[in-house]
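So the structure is just underneath, and the comments pick up after that.
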There are 2 protein chains.
Amino acid sequence: MLTQTRPDPSPSAHDRVYRMLRTRIMHGDMAPGQALTLRGIGREFDVSMTPARESLRRLVAEGALTMSASGRVSTPELSNERIEELAALRALIEVELASRALPRAHMALIERLQTINTGLADAIARQDPVGYIRTNLEFHRTLYLRAQAPAMLAMAETVWLQLGPTMRMLYGRLRHKEVPQYHRLIISALKAGDEPGLRLAVRSDVTQGLKMLQT
Amino acid sequence: MLTQTRPDPSPSAHDRVYRMLRTRIMHGDMAPGQALTLRGIGREFDVSMTPARESLRRLVAEGALTMSASGRVSTPELSNERIEELAALRALIEVELASRALPRAHMALIERLQTINTGLADAIARQDPVGYIRTNLEFHRTLYLRAQAPAMLAMAETVWLQLGPTMRMLYGRLRHKEVPQYHRLIISALKAGDEPGLRLAVRSDVTQGLKMLQT
DNA sequence: CGCGTGAAATTGTGATCACAAGAAGATCAT
DNA sequence: ATGATCTTCTTGTGATCACAATTTCACGCG
């Protein structure tokens, strides 16, 4: 998870590669089961094997990538059981994060969330799955940052990371036509300071879609 | 987290080092703020810098170790806020794990848990903090394995890992005289098939002690 | 056409080295 | 005695290479 502090403008090569791969995986820009190699990553990002290996190993440690018995690395193909577990984890962690964010959810934040929802509508209009996933996660992250609970947010992001490649399939199945209604309910509950309503809306939002992935 | 499958009897050097360090950290065998270096790890485990670096980087990715802006690695020194967050995460995840374990908690498991509690009493009698922490976590892990939710168990273990160095301090403050009463309550609730009682006992067990760490 | 075998290519792991950066220690000046 | 500066030592990062293991491909046979 992103715990280390390294605010310098020129981070290490491995850090750079790690962040780019992480973003790509989290936003569903990679399909489940896709293989990655050290030499392939080295070529793509113009680095040697050492930072490539560090990056891949780090993502494996976070569950974003899986490693076979022979050390080969690929994006995970999640079983139904795994998807259900990760959905349950999202429900547990994100509902708590939303509750903790509520006391600091003022109008500026609510307006920011509404703006992000507009971006979701744009991604839907463009039929852009990666853009949709990215903007959806931005919506949640923006809210949860107000919880001021970095350990929990890190855990939530770890779950998003593991779900990333699978989320792409979800988008295809939902064939989104409009912004998820639960986002509107989340925003309403924030405006009203309605904690039970907020918890219910977040739980519904994070679990409803994932149910459709289980075949 | 321990997600990759590598059942071969001779794992990689980096995997070996990683597991040993991970166990040491999780069981409170290292104090908060303790520094580790690549060359130091290399000497101690008789490996070169490459597996040493891989192991440390992996533990950093899991939050077990922290990395400074200059790349130096050490065990984390947790703030009160961080401790509260991790306790809350334990409560969220472990309560859910216990619930999911209940349907498969038969007499053999219950007897196993009682045996482990006897080991806890031994560790207390020996005034052995590391043994105490290890046996306590064994108690929880043994129960949660029955939940058959590896993603959740991995998350729980990640939290234990982050708390490891701090747990050592907790042991000092509690000055344990007897096996935690909540373990007895957990066992009773399992025998009775009492889910609400089990949830309450687990929540109390995982949060009560950690409250004493917050000064 | 499919399967098996062998060879070649590709892969991951670990060691080593060079280099840059940071930390620690020593010395000098106020 | 304390602070600043300089030097030395230690550290982390990345590149490269060797080697073992795995995978892929090609060819031959049934």
Side-chain angles (χ1 to χ4, degrees), chain A residues 1-22 25 30 32-77, chain B residues 1-22 25 30 32-77:
Chain A
M1 58 187 74
L2 289 164
T3 51
Q4 67 229 61
T5 60
R6 207 169 209 152
D8 53 346
S10 55
S12 57
H14 119 264
D15 212 47
R16 193 170 46 81
V17 174
Y18 163 80
R19 285 175 196 277
M20 289 195 262
L21 282 175
R22 179 180 195 274
I25 293 167
M30 295 188 71
Q34 193 170 329
L36 295 95
T37 68
L38 301 180
R39 288 173 177 80
I41 295 298
R43 280 197 297 273
E44 181 179 349
F45 294 94
D46 196 31
V47 294
S48 77
M49 292 185 67
T50 312
R53 180 187 314 168
E54 299 273 5
S55 311
L56 291 192
R57 282 290 176 75
R58 188 173 166 185
L59 288 161
V60 169
E62 291 175 1
L65 296 170
T66 57
M67 181 178 281
S68 70
S70 61
R72 299 303 177 93
V73 172
S74 59
T75 48
E77 295 183 270
Chain B
M1 58 186 74
L2 288 165
T3 51
Q4 68 230 62
T5 57
R6 204 166 213 159
D8 53 345
S10 54
S12 55
H14 119 263
D15 211 46
R16 193 169 49 81
V17 174
Y18 163 78
R19 285 174 195 278
M20 288 193 266
L21 281 175
R22 179 181 195 274
I25 293 167
M30 294 186 72
Q34 193 171 330
L36 297 94
T37 66
L38 301 179
R39 288 172 176 80
I41 295 297
R43 281 195 296 274
E44 181 179 351
F45 294 94
D46 195 33
V47 294
S48 78
M49 293 184 67
T50 312
R53 181 188 315 168
E54 299 274 4
S55 311
L56 291 191
R57 281 291 175 77
R58 189 173 166 185
L59 289 161
V60 169
E62 291 176 1
L65 296 171
T66 57
M67 180 179 282
S68 71
S70 61
R72 300 302 177 96
V73 172
S74 59
T75 48
E77 296 182 272

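Note that this is a predicted model, so its numbers are computed, not measured. Reminder, nothing fancy here: chain letters follow the sequence lines and each chain counts from 1.
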Canonical and wobble pairing (Watson-Crick, G-U, under 3.5 Å) of DNA chain C, dot-bracket with |: ||||||||||||||||||||||||||||||

Determine all donor-acceptor pairs shorter than 3.5 Å in which one atom belongs to a side chain in residues 47-55 of chain A; sequence neighbours excluded.
unit_1  : atom_1 : unit_2  : atom_2 : d
A:Ser48 : OG     : A:Thr50 : N      : 3.4
A:Glu54 : OE1    : B:Arg57 : NH1    : 3.0
A:Ser55 : OG     : A:His14 : O      : 3.0
A:Ser55 : OG     : A:Pro51 : O      : 2.7

Answer with base, sugar-phosphate or nothing: what part of the nucleic acid does A:Leu56 contact at a heavy-atom distance below 4.0 Å?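 No contact.
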
Separation between [atom1] of [X] and [atom2] of [Y], rounded to the nearest 0.5 Å:
X	Y	atom1	atom2	result
B:Leu59	B:Leu36	CG	CG	9.0 Å
B:Arg43	B:Ile41	CZ	CD1	9.5 Å
A:Arg16	A:Asp46	CZ	CG	8.0 Å

Round to a whole Å and report the spacing from [atom1] of [X] to [atom2] of [N].
X	N	atom1	atom2	answer
B:Tyr18	C:dG14	OH	P	15 Å
A:Arg57	C:dT11	CZ	P	16 Å
A:Met67	C:dT13	CE	C1'	10 Å
B:Asp15	C:dT13	CG	C1'	12 Å
B:His14	C:dG12	NE2	P	14 Å
A:Arg72	D:dA21	CZ	P	14 Å
B:Arg16	C:dG14	CZ	P	9 Å
A:Leu38	D:dT22	CG	C1'	14 Å

List the residues meeting side-chain hydrogen bond (donor to acceptor under 3.5 Å, both in side chains) with A:Gln34, not counting sequence neighbours, and say none if there are none.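 With sequence neighbours excluded, A:Gln34 shows a side-chain hydrogen bond (donor to acceptor under 3.5 Å, both in side chains) to no residue whatsoever.
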
Listed by chain and number, what are the side-chain hydrogen bond (donor to acceptor under 3.5 Å, both in side chains) partners of B:Glu77, not counting sequence neighbours?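 Expected list: none.
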
Could you tell me whether the phosphate oxygens of D:dT23, OP1 or OP2, come under 4.0 Å of any side-chain nitrogen or oxygen in A:Ser70?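 It does, given that an N or O in the side chain of A:Ser70 lies less than 4.0 Å from OP1 or OP2 of D:dT23.
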
Extract from the structure each pairing of a protein N or O with an N or O of nucleotides 15-20 of chain D at less than 3.5 Å, listing the distance.
unit_1 : atom_1 : unit_2  : atom_2 : d
D:dA15 : OP2    : A:Ser48 : N      : 2.7
D:dA15 : OP2    : A:Ser48 : OG     : 2.1
D:dA15 : O5'    : A:Ser48 : OG     : 3.3
D:dA15 : N7     : A:Thr50 : OG1    : 2.7

Is a donor on one side and an acceptor on the other found under 3.5 Å between the side chain of A:Thr75 and the backbone of A:Gly33?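 Side chain of A:Thr75 to backbone of A:Gly33: a pair is present.
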
Measure across A:Ser74 and A:Ala35 and return the closest heavy-atom pair with its distance rounded to 0.1 Å.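 What the structure gives for the nearest pair is CB-CA, 3.8 Å.
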
Applying side chain to side chain contact (heavy atoms under 4.5 Å, CB included), name anything that partners B:Arg72, two or more places apart in sequence or on another chain.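 Scan of B:Arg72 (side chain to side chain contact (heavy atoms under 4.5 Å, CB included), adjacent residues dropped) gives B:Ser68, B:Ser70.
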
